[in-house]
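All remarks here apply to the structure that follows.
In the text below, chain A, chain B and the rest are named by the order of the sequence lines, each starting its count at 1. The structure displayed is predicted, hence computed values, not measured ones.
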Amino acid sequence: MTNPAAPALPSQYEPKAAEARWQTLWEQNQVFRANPDLNPDAPSYCIVIPPPNVTGSLHMGHAFNSALIDTLVRYHRMQGKNTLCLPGTDHASIAVQTILDRQLREEGKTKDDLGREAFLERAWQWKEQSGGTIVNQLRRLGMSVDWTRERFTMDEGLSQAVLEAFVQLYDQGLIYRGQYLVNWCPASQSAVSDLEVEPKEVDGHLWHFRYPLSDGSGSVEVATTRPETMLGDTAVAVNPADDRYRHLIGKTLTLPILGREIPVIGDEFVDMAFGTGCVKVTPAHDPNDFEMGNRHGLPFINILHKDGTLNENGGEFAGLDRFVARKAVIERLQADGVLIKTEDYRHTVPYSDRGKVPVEPLISTQWFVKIDPLAEKALKFLDEQNSPRVVPDRWRKVYRDWLANLRDWCISRQLWWGHQIPAWYAVSETGGEILDHTPFVVARTEAEAWEQAKAKYGDTVQLERDPDVLDTWFSSGLWPFSTLGWPQSTADLDRYYPSSTLVTGFDIIFFWVARMTLMAGHFTDRMPFQDVYIHGLVRDENNKKMSKSANNGINPLLLIEKYGTDALRYTLIREVAGAGQDIRLEYDRKTDESGSVEASRNFANKLWNASRFVMMNLEGKTPAQLGFDLTPDSPNLELCDRWILSRYHQVITQTSDHIEAYGLGEAAKGLYEFIWGDFCDWYIELAKSRLYGEGDAGSKTTVQQILAHILEGIHKLLHPFMPHITEEVWHSLTQSDEQTYLALQSYPDRHDAWINPELEQDFELVIGVIRVLRNLRAEAGVKPGVKVTALVQSGNDREQQILTTGMPYIQALAKAGTLTLVQSADEAPRKSLAGVVGTVQVLLPLEGVVDLEALVKKLEKDLGKVEKDLKSLQGRLKNPGFVNKAPQEVIDGAKAALSEAETQAQILRDRLAIL
RNA sequence: GGACGUAUAGCUCAGUUGGUUAGAGUACAUCGUUGACAUCGAUGGGGUCACUGGUUCGAAUCCAGUUACGUCCACCA
């Protein structure tokens with residue numbers, strides 16, 4: 001090694017140790033701890049991470065989401081913003097309770113055996129375990145979050161926020177308790193929201209029955225996919241415009257089996273064209289029928305227990321499970337001769353997302369949030385202020401449509417794990433039991449509840465708290481501001497709220513994004529984030545959505561172990577183009593290998609070695625010690641120096657612009673091309689001869705300065721994407737101590753003065769000549785190590801000038817020992833291989849044994865290509881339509897291309913003629 | 001039943017407001033251990049841009065339709 005001061009770095013980057021080391025140092029030294037009071041004049045940047053559910057561990061989707069967030073956060077931090085990235089986890093009420101229920105079942109127990117207290121203790125244990133795993137995974141991903149501000153949706157502060165929000169909404173008349181039809185999940189024995197229901201296509205049947213008219217004058221035919229609900233029928237509806245049945249409206253029918261008299265009603269909801277045009281109406285067990293029941297004042301007969309068995313209203317079927325009862329009802333109807341037919345019927349059945357069983361629409365008493373006033377406010381923000389700004393734009397419409405079309409939100413869940421509803425019932429008023437009509441008080445604390453209750457019902461009142469908990473999304477809806485201290489007014493809220501960007505997948509726009517905007521609009525009078533960046537999901541190698549049920553998840557830690565966190569992060573980001581597109585991850589399940597992550601690992605290794613090379617050639621100096629006093633007009637800059645500096649400054653601009661437009665993938669790709677292509681393949685190669693002392697001393701210093709300067713810049717530019725390797729190398733490069741961090745350095749400044757497109761084009765010509773010469777060498781079968789004699793010919797003054805400057809580059813990189821620049825090709829031996837770039841001819845004379853036929857073949861091939869272009873260009877320029885209508889610059893471009901092609905063709909023909 | 005997304009090299013994907021010779025990575029083939037890197041370098045082969053029609057001097061790009069895959073929303077018994 002030429003540099004004794006540079007650390008002896010191995011030739012392969014080992015991510016494992018470096019990543020662990022920096023993760024620990026960052027955290028121990030609270031590098032990412034936010035301080036709201038710091039730099040009052042600096043803008044702030046805040047991302048509150050979407051809290052993962054404490055349901056186990058993180059999957060690839062989390063890794064993707066985290067990579068995007070951390071890249072944004074690190075970028076903005078380096079831009080000098082006062083930055084906070086706040087981590088946390090979500091209690092995931094129903095999801096966690098489902099897991100615990102399953103565990104208990106495996107132990108042969110139920111939650112009632114344990115009792116609420118012991119159950120919750122167990123739930124907290126689970127939370128500690130799963131939450132711990134998740135938080136450690138976030139660390140492994142290199143998230144630059146402020147761990148001192150870590151939150152959990154059920155911790156003390158956030159629980160306070162939930163209480164406050166509930167009480168306020170209740171006091172404002174926006175929360176009410178009422179009897180409504182809800183989606184009932186018999187498996188978890190709880191109400192679930194509309195969003196927790198997923199429709200599934202199933203092959204079922206459509207059963208047709210005959211309901212006789214009570215006056216004996218005939219019958220009507222109705223059909224259903226759920227025959228057992230007929231036990232709860234309280235009417236049959238027909239469309240009042242339907243001539244076939246209009247006369248029946250007002251008559252009564254006798255319900256089979258139970259013999260109940262039910263009316264025929266007219267309702268426009270009924271589709272005359274579907275089925276028979278007669279609909280059985282079960283107001284207590286069907287959403288449409290519920291509405292009809294309300295419209296027509298029909299009785300609501302509930303036939304189900306909460307566990308899905310039939311209750312006493314089911315008559316002889318009482319006690320049977322709903323699906324058993326279905327069969328029994330069909331048999332009985334058949335026996336009674338009123339079953340007309342059974343059709344096979346494919347239809348959608350609503351399934352409970354968590355319980356994995358069909359949900360049952362069921363009347364019950366629940367708590368609701370009145371959604372209209374909240375939705376109106378969020379819509380107003382969107383329409384009038386485009387707030388939040390949705391990226392990509394197409395999701396804005398999806399979000400808007402949903403907001404505009406909402407039903408009241410059922411927020412009570414018959415579960416134990418979660419925020420218990422702060423309502424206390426005066427059970428002494430209703431015989432010691434909580435009934436639908438038991439009076440209640442809503443309060444922030446139990447003491448406050450007693451106070452209110454005593455005032456209303458006297459000192460002897462007995463209180464019992466509502467056993468139900470709130471929908472998980474109630475607390476998640478407060479997340480962007482509850483985590484910053486709301487309802488207290490805090491410095492954090494002041495400084496970081498509203499947050500800058502919410503980064504999340506489209507799958508929870510409704511569940512979560514909209515709930516946050518609803519709550520934030522109401523409680524903080526503004527939208528909780530400026531931008532919403534919606535990304536796609538990670539698909540598996542077969543383009544399938546990764547899911548637990550399909551068991552096709554890819555464990556991010558396996559890939560991290562194999563290739564490193566930086567490689568995984570870089571892969572995930574590099575794959576995302578524009579925004580919002582799903583990404584597909586290459587993966588071999590047998591070997592746990594991924595070609596694309598491997599490519600990123602190789603890129604990291606390339607960077608490592610390039611850095612190693614540069615550091616070995618700086619004579620122990622840091623970039624700061626070498627200094628960078630060069631300006632675009634410094635006389636001692638060579639063509640390649642100006643070129644790489646121009647490219648470098650373009651890349652700074654381009655990377656920033658892309659990141660700020662959420663084009664993270666484009667930014668990542670641009671850096672890859674610059675680092676591997678421009679910097680490593682060309683600049684470093686050209687720098688070698690100067691570093692090895694083959695030029696003057698000034699040239700060596702200049703090249704060292706530039707190498708050091710750009711290398712440091714590269715690490716800064718790449719740091720948001722690959723935080724560990726860049727932090728590691730940057731420390732060696734700058735010889736910084738362990739209390740100084742690249743993560744806190746400022747991003748490279750853009751200096752447009754360095755950008756020189758014309759010069760870049762000149763340099764492209766040199767590169768072109770090198771490529772052609774290399775190609776000729778390969779065609780001629782010249783071994784890579786052998787130096788050749790070659791000629792470069794151009795009759796153009798400007799090209800001559802560029803080539804003169806570029807001569808040493810061509811000699812070095814194309815291994816041309818003797819290289820002559822000539823005006824005319826006559827000076828070349830007859831037996832030469834030839835190629836063209838622009839109007840420059842590159843000639844490789846061949847002595848001795850030469851396969852003439854091969855030379856001719858190559859020339860003919862090249863000529864064929866050029867002639868094809870030539871023809872198309874000539875055709876175009878002869879076309880009056882083109883010449884008259886196309887813009888001048890396009891025509892000029894075509895003319896220039898034509899003359900170049902003509903020159904090329906001529907060169908090739910001449911060459912062929914000589915042979 | 002609505003709405004949306006995607007279709008380009010064997011594979012994963014780029015391709016800006018239409019401008020002619022459609023690009024990367026990867027895989028493949030050939031050559032290579034010169035003093036950063038074989039997790040590398042050089043070179044090469046490989047595409048009727050899903051299909052059909054239209055607009056235009058000119059279409060991967062714009063329009064209409066078709067097909068395939070995927071996603072979301074929806075109360076049809």
Side-chain angles (χ1 to χ4, degrees), chain A residues 1-2 9 11-13 199 206 222-226 229 237 269-271 273-282 286-291 347-348 394-395 397-398 401-402 405 506-507 509-510 536-537 539 541 543-545 563 567 574-575 577-578 580-586 595-596 598-617 665-666 669 672-673 677 680-681 684-685 688 692 771 774-779 781-785 813-815 865-866 868-869 872-873 875-876 879-887 889-891 893-894 897 901:
Chain A
M1 274 191 207
T2 49
L9 300 174
S11 69
Q12 279 189 13
Y13 173 57
L206 189 60
V222 296
T224 181
T225 54
R226 296 184 296 154
T229 61
F269 162 77
V270 180
D271 179 353
F274 187 89
T276 58
C278 300
V279 182
K280 59 187 278 301
V281 183
T282 321
D286 182 277
N288 294 312
D289 296 3
F290 179 79
E291 299 292 329
H347 62 131
T348 54
R394 65 190 148 96
W395 291 109
K397 187 175 170 301
V398 177
D401 288 351
W402 192 77
N405 199 7
F506 60 78
D507 47 329
I509 291 179
F510 306 139
L537 35 90
R539 296 172 169 280
E541 68 279 14
N543 201 23
K544 291 274 186 297
K545 192 163 144 179
Y563 303 109
R574 206 191 139 157
E575 300 281 321
Q581 222 66 270
D582 289 352
I583 62 174
R584 198 189 301 200
L585 192 65
E586 268 179 68
S596 50
E598 190 180 314
S600 300
R601 189 270 318 262
N602 293 352
F603 175 50
N605 197 56
K606 183 76 183 178
L607 176 67
W608 175 260
N609 278 295
S611 305
R612 200 164 70 101
F613 170 79
V614 171
M615 286 188 273
M616 285 191 297
N617 287 285
E666 288 82 348
K669 280 176 216 160
Y672 184 98
E673 281 164 19
C680 293
D681 289 346
I684 287 187
E685 291 307 323
K688 280 179 178 170
Y692 297 152
R771 290 217 154 105
R774 282 172 173 173
N775 167 276
L776 295 179
R777 292 174 55 113
E779 297 268 350
V782 177
K783 295 285 177 193
L813 298 200
K815 295 246 161 49
K865 266 189 193 170
V866 174
K868 203 177 135 206
D869 298 348
S872 128
L873 284 162
R876 197 150 4 113
N879 183 338
F882 176 70
V883 183
N884 295 332
K885 290 185 187 173
E889 65 217 43
V890 174
I891 296 174

Has the side chain of A/R876 got a donor or acceptor atom sitting under 3.5 Å from an opposite partner on the base of B/rU20? yes
Would A/K280 and A/D289 pass as an ion pair if we require N to O under 4.0 Å? no
Base, sugar-phosphate, or nothing: which does A/N879 touch, judged by heavy atoms less than 4.0 Å apart? sugar-phosphate
Length of the line joining A/I684:CD1 and B/rC37:C1', which is rounded to integer Å: 10 Å
Rounded distance in Å - CZ (A/F882) to C1' (B/rA59): 15 Å
Ranking A/W402 and A/S11 by the position along RNA chain B of their nearest nucleotide, the one closer to 5' is A/S11
Considering every strand and a 4.0 Å limit on heavy-atom distances, what is the contact class for A/C680: base, sugar-phosphate, or nothing? base
How would you label the contact of A/R539 with the nucleic acid (heavy atoms, under 4.0 Å): base, sugar-phosphate, or nothing? sugar-phosphate
From NZ of A/K669 over to P of B/rU16, roughly how many Å is that when rounded to an integer? 13 Å
Whether the side chain of A/R774 and the base of B/rU43 hold a donor-acceptor pair under 3.5 Å is what I'd like checked. no
B/rA36 phosphate, OP1 or OP2: any side-chain N/O from A/Y692 under 4.0 angstrom? yes
Taking the C1' atom of each, how far is B/rG41 from B/rA59, in whole Å? 39 Å
Is RNA chain B part of any stem, that is, at least 3 consecutive Watson-Crick or G-U pairs with both distances under 3.5 Å, and where? B:1-7 with B:67-73, B:10-13 with B:23-26, B:28-32 with B:40-44, B:50-54 with B:62-66
From the list B/rA36, B/rU26, B/rA77, which nucleotide is the closest neighbour of the side chain of A/A599? B/rU26
Distance, rounded to the nearest Å, where A/K815 contributes NZ and B/rU43 contributes P: 12 Å
Looking at A/K865 and A/D869, does any basic side-chain N land under 4.0 Å from a carboxylate oxygen? no
Any idea which heavy atoms bring A/I684 and A/V614 closest together, and the distance? CD1-CG2, 4.3 Å
Separation of B/rC31 C1' from A/R777 CZ (nearest whole Å): 11 Å
Roughly, in whole Å, what's the span from CG in A/D681 to P in B/rC40? 11 Å
Measure CZ/A/R574 against C1'/B/rC13 and give the value in whole Å, please. 9 Å
Classify the ring geometry between A/F506 and A/W395 as parallel (under 30°), tilted (30 to 60°) or perpendicular (over 60°). parallel
Could you check A/A901 against A/V279 and say which one's nearest nucleotide on RNA chain B is further toward the 5' end? A/A901
Pairwise C1' distance for B/rG45 and B/rU39, with rounding to whole Å: 25 Å
What's touching nucleotides 4-10 of chain B from the protein side, N or O pairs under 3.5 Å?
{"unit_1": "B/rG5", "atom_1": "O2'", "unit_2": "A/Q581", "atom_2": "OE1", "d": "3.3"}

A/K815 vs A/R777 side-chain heavy atoms within contact, under 4.5 Å: yes
Over 12 foreign heavy atoms within 6.0 Å of CG, A/N405: no
Under 4.0 Å: is that the gap between some side-chain N or O of A/N775 and OP1 or OP2 of B/rG44? yes
Among B/rU34, B/rA36, B/rG32, find the nucleotide with the atom closest to the side chain of A/P784. B/rG32
Among B/rC13, B/rU20, B/rA77, the nucleotide that comes nearest once only the side chain of A/R584 is considered: B/rC13
With heavy atoms under 4.0 Å as the rule, sort A/P887 into base, sugar-phosphate or nothing. base
With a 4.0 Å cut-off on heavy atoms, is A/K280 in touch with a base, just the backbone sugar-phosphate, or nothing at all? nothing
A/S872 side-chain N/O to B/rU21 phosphate OP1/OP2 under 4.0 Å: yes
For B/rA22 versus B/rU30, give the span between their C1' atoms, rounded off to a whole number of Å. 26 Å
Between B/rG15 and B/rU8, how far apart are the two P atoms, rounded to whole Å? 14 Å
Kindly say if A/N602 contacts the phosphate of B/rC40, meaning a side-chain N or O under 4.0 Å from OP1 or OP2. yes
Which nucleotide wins on minimum distance to the side chain of A/D869, given the candidates B/rA36, B/rU21, B/rC37? B/rU21
Look only at the side chain of A/R774 and the backbone of A/L813, and say whether a donor-acceptor pair between them is shorter than 3.5 Å. yes
Can you tell me, in whole Å, how much space there is between the C1' of B/rC63 and that of B/rU21? 27 Å
In whole angstroms, how far is the P atom of B/rG35 from the NZ atom of A/K688? 9 Å
Any base atoms under 4.0 Å from A/F510, or only sugar-phosphate, or nothing? Heavy atoms, all strands. sugar-phosphate
Using only atom types and a distance under 3.5 Å, with no angle test, would you say the side chain of A/R612 pairs donor to acceptor with the backbone of A/L9? yes
B/rG58 versus B/rU12 - spacing of their P atoms, nearest Å: 35 Å
Distance between C1' atoms of B/rA50 and B/rU56 (Å, rounded): 23 Å
Give a yes or no on whether a donor-acceptor pair under 3.5 Å exists between the nucleobase atoms of B/rA36, that is its base, and the side chain of A/E685. yes
Quiz item: cation-pi between A/R601 and A/Y563, 6.0 Å / 45°: no
Do A/F613 and A/K688 make a side-chain contact, defined as non-hydrogen atoms from C-beta onward lying under 4.5 Å apart? yes
Hey, does the side-chain of A/K783 have a donor or acceptor N/O within less than 3.5 Å of a partner on the base of B/rA42? no
Heavy atoms only, 4.0 Å cut-off, all strands: where does A/S596 land among base, sugar-phosphate and nothing? nothing
Regarding the side chain of A/K606, the nearest nucleotide among B/rG19, B/rC37, B/rC75 is B/rC37
